Amino acid sequence: MASVDIHCDSITKRFGGTEVVIPFSVTLAAGQTTALVGPSGCGKSTILRMIAGLDTPDSGTVALGAEPPRTVARKGALAMAFQDPSLLPWRSARANIALGAELARKPVGDVDELIDLVGLGGFADHRPGELSGGMRQRVAIARSLISEPDVLLLDEPFGAVDAMTRRRLNEDLPPLWRSRGATVVLVTHSVQEAVLLSDRVLVLSPRPARVVADIPIALTGTRDSKLVQTAEFAALSKEIFAVLEDSI
Ligand SMILES: Nc1ncnc2c1ncn2[C@@H]1O[C@H](COP(=O)(O)OP(=O)(O)OP(=O)(O)O)[C@@H](O)[C@H]1O
Ligand SMILES: [Mg+2]
């Protein structure tokens, strides 16, 4: 299994006259899950798209391991799930999930196992148009996992998922990507989710995005709903909320 770290070296991005990302540098260690939290419009998705190679920085570089994102993506070692999942409307949920492996030129493993894991049992043959928004998001999550990527980029992947399912996914999915040694970047608006799922939380300022706090999440217990009730967990969440409040 490859171990891939992520380097953003002074990347910048402007749209028209608006500077969205000013020189932004960060190194994300291989095998770690890092959450990006910050106010709406601060540039989180823009940063993630540059890490994915979907957008090119105006200046600076992104390297995954020693390679540019597009090279890693071509090898099938990078996958993403974004809030607005782009699924093929004519393919069933099962076939959309399998696509993740097909595009990565990897064997299509046990799709049904993943379908069960994301709670879509019984909907495998439904097309995207016959699924709810939260279900479509879960198809996209399963599609991102099936290729067993070294780099996994998740942009508010649970935004439309109901609270109970979200809680279950928060418990069931991270062990999967951790056991595979994936390097994960997770954008989320939920501070609790950021703390629960991550090894590190980067709090970003309003646009243009700047790291205002870099908080290691060294929680020892099992990452489940019981951990959320501990004083340690509450202290970390409070710290992140305080930085977010200060930065606005
Ligand atoms: N393709 C684009 N063209 C013009 N402006 C853009 C484009 N993409 C993003 N922006 C602008 O860049 C800024 C940052 O957008 P981005 O989507 O990165 O924010 P975000 O932090 O992901 O916000 P949210 O939490 O609401 O998803 C916004 O002001 C947005 O309007
Ligand atoms: Mg966004």
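For clarity, every value in this text was computed on a predicted model and none was experimentally measured. As a basis for the values below, the full set of heavy atoms in this structure was taken, side chains included, without hydrogen atoms, waters or symmetry mates. All ligand and atom numbering here is 1-based and tracks the order in the structure.
- Using a cut-off of 4.0 Å between Lys/Arg side-chain N and Asp/Glu carboxylate O, Asp58 and Arg14 are scored as not salt-bridged.
- Distances between N or O atoms of Gly38 and those of ligand 1 include no value under 3.5 Å.
- Annotation: atom 26 (O) of ligand 1 to nearest protein heavy atom, Ser40 OG, 2.6 Å.
- Atom 6 (C) of ligand 1 lies below 4.0 Å from at least one non-hydrogen atom of the protein.
- At a 4.0 Å cut-off, not a single heavy atom of Arg49 sits close enough to ligand 1 to count as contact.
- For the pair Val20 and ligand 1, the shortest N or O to N or O distance does not fall below 3.5 Å.
- When distances to the Mg ion (ligand 2) are checked against a cut-off of 2.8 Å, Thr46 contributes no N, O or S atom below that limit.
- Under 4.0 Å is where a charged nitrogen must lie from a carboxylate oxygen, and between Arg166 and Glu193 at least one such pair does.
- Distance from atom 11 (C) of ligand 1 to its nearest protein heavy atom, with residue and atom name: Phe15 CD1, 4.0 Å.
- When only modelled atom types and interatomic distance are considered, Glu171 and Ser225 share a side-chain donor-acceptor pair under 3.5 Å.
- Ion pairing between a basic and an acidic side chain is recognised when a charged N comes within 4.0 Å of a carboxylate O; Arg91 and Glu102 show such pairing.
- Using a 4.0 Å cutoff on heavy atoms, Lys13 does not count as a contact of ligand 1.
- Salt-bridge annotation for Asp155 and Arg49: absent, with no side-chain N of the basic residue lying under 4.0 Å from a carboxylate O of the acidic one.
- For atom 31 (O) of ligand 1, no protein heavy-atom neighbour is present inside the 4.0 Å cut-off.
- For Ser198 and Thr33, the side-chain atoms include no donor-acceptor pair closer than 3.5 Å.
- With salt bridges taken as basic N to acidic carboxylate O contacts below 4.0 Å, one links Lys75 and Glu67.
- Within the 4.0 Å heavy-atom criterion, both parts of Thr46, backbone and side chain, lie near ligand 1.
- Closest protein heavy atom to atom 23 (O) of ligand 1: Gly41 N, 2.7 Å.
- The existence of a salt bridge linking Asp199 and Arg178 is confirmed by a sub-4.0 Å separation between a basic side-chain nitrogen and an acidic carboxylate oxygen.
- Residue contact check: Glu156 has heavy atoms under 4.0 Å from atoms 25 (O), 27 (O) of ligand 1.
- At the top of the distance list for atom 29 (O) of ligand 1, counting protein heavy atoms only, stands Arg207 NH1, 2.8 Å.
- The protein atom (non-hydrogen) at minimum distance from atom 17 (O) of ligand 1 is Ser45 CB, 3.6 Å.
- Using a cutoff of 4.0 Å between basic side-chain nitrogens and carboxylate oxygens, Arg200 and Asp214 are scored as salt-bridged.
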